[in-house]
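Scroll down for the structure; my scribbles are underneath it.
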2 protein chains.
Amino acid sequence: MAGKKSPNGARSDPAVTTEARRAPMREFSRSLPMSLLRAREAVMRQFRPSLRNHGLTEQQWRILRALTAVDTIEVTELARVAFLLGPSLSRILRDLEARDLIERRTAKADLRRGEVSISSKGLKLIEAVAPTSEAIYAEITSRYGARKLAELQDMLAELERGLAEMEVAGEADAEADE
Amino acid sequence: MAGKKSPNGARSDPAVTTEARRAPMREFSRSLPMSLLRAREAVMRQFRPSLRNHGLTEQQWRILRALTAVDTIEVTELARVAFLLGPSLSRILRDLEARDLIERRTAKADLRRGEVSISSKGLKLIEAVAPTSEAIYAEITSRYGARKLAELQDMLAELERGLAEMEVAGEADAEADE
DNA sequence: GCGGACAACTTAACATGTTAAACAAATTTC
DNA sequence: GAAATTTGTTTAACATGTTAAGTTGTCCGC
């Protein structure tokens, strides 16, 4: 992974035949979306093995994690908190319920709404995973620096805010593009 | 989409029945993975409609975009640059080839390797999408501030570096967890 | 109090993420 | 130089992302 071996050892650069040409544009790997994607992937790579050992995917973990903070929550609100789209959440809840990690009932006042809560089994699972997760998070924090980490998150939050404003402003343009 | 309407308008907080309780942990929505995920999603939300109008997904765009910078590139190297896993790339290349947006051949020196390049049709498509993309990127940059954006990307890159080191150090722990 | 609009999910369909396994070609070992 | 190993790529299988459509329950105006 670190050193790239050249099996045939003949050409100096086996992969990229030609240097940059044509459209210059922004250098691709340094675009903001790629930077964010790589950073997030680097972070999640730390957590995934531990989650996997407990039979959880990242999204399932997010849901259970969000459920520990409340007694009961409605599906739509859970989607917002766990940052999942409705269809994904729907599928995952079906699975988590089948594994008895969560419980569901429909709201008395509004039969459309589903109320979700974590089960005691789910809670136990969380408690089993949390220590490792916290340890990893602590290691990341200490390596990167707590202060710097907080600053990074502030900057990310501000980016979010600014982009949310853009969406409102740029709603008409998209239609003109169709 | 913007304002959340409460249809029944009766209860003060229809979704979350109870305030926080049980395990405190880090507040979920402020975790680093969630911050990165939301930020990236906010960014991509700006680009997706334009890509969609041209019949491209984000990943397909990444691939074509990476191909414009080179004459020819091997599949593995392309996966690294476009930050896609092999299986995803394999499927997408199959599709892009069927749409005549790319061209493939096998390397003479090593029949295992595939060499990929963008077709003239693919190049035209890129050129059709690029202006809108660049405009959006420019708008983001100007809103957030070019200086600040560069700083953010530096911080993300440093985070990546630090995490890459962690992976090497923490390889033994994972096995003990199995 | 009924029909239309809306709201809260859920399903469906297709694309990608993720891990494991299959495969063929190249390299290494003995 | 044939067997064992490794490498580059694809296939398989299952989970999620994403958009559209379907279902059922509420609300609202008349």
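Each chain gets a letter, A, B and so on, in the order its sequence line appears, and its residues count up from 1.
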Just checking B:I92: base, sugar-phosphate only, or nothing, at a heavy-atom cut-off of under 4.0 Å?
sugar-phosphate
What's A:R91 touching, base or sugar-phosphate or nothing? Going by heavy atoms closer than 4.0 Å.
base
So salt bridge (charged side-chain N to carboxylate O under 4.0 Å, His left out) across residues 152-161 of chain B, not counting sequence neighbours, yields A:R38-B:E160, A:K148-B:E158
Determine: side-chain N/O of [X] to OP1/OP2 of [N], distance under 4.0 Å, yes or no.
X	N	answer
B:Q59	D:dG17	no
A:T76	C:dC9	yes
A:R48	C:dT18	yes
A:R104	C:dT10	yes
B:S88	C:dG17	yes
A:R112	D:dT24	no

Judged by nearest nucleotide, the residue sitting upstream toward the 5' end of DNA chain D, A:K108 or A:R62, is A:R62
5′-ward residue of the pair B:L89/A:L85 relative to DNA chain D
B:L89
Can you tell me how far [atom2] of [N] sits from [atom1] of [X], to the nearest Å?
X	N	atom1	atom2	result
B:L96	D:dT10	CG	P	13 Å
A:L111	D:dC27	CG	C1'	14 Å
A:E74	C:dA7	CD	C1'	12 Å
B:I63	C:dT16	CD1	C1'	10 Å
B:R52	D:dG17	CZ	P	17 Å
B:L84	C:dT19	CG	C1'	16 Å
A:Q60	D:dC14	CD	C1'	11 Å
A:L93	C:dT10	CG	P	7 Å

Listed by chain and number, what are the side chain to side chain donor-acceptor pair (under 3.5 Å) partners of A:Q59, not counting sequence neighbours?
none
Side chains of A:R105 and A:S117: is there a donor and an acceptor less than 3.5 Å apart?
yes
Just checking, any donor-acceptor pair under 3.5 angstrom between side chains of B:S88 and B:R91?
yes
B:A82 backbone acceptor or donor facing B:R62 side chain under 3.5 Å:
yes
Could you check which of [options] has an atom nearest any side-chain atom of [X]?
X	options	answer
B:D110	C:dA12, D:dT10, C:dA26	C:dA26
A:V75	C:dT10, D:dT9, D:dT11	C:dT10
A:R113	C:dA8, C:dA25, C:dA15	C:dA8
B:E41	C:dT19, D:dT18, D:dT9	D:dT18

For the residue pair A:K121 and A:R99, what are the closest heavy atoms and their distance?
NZ-O, 3.1 Å
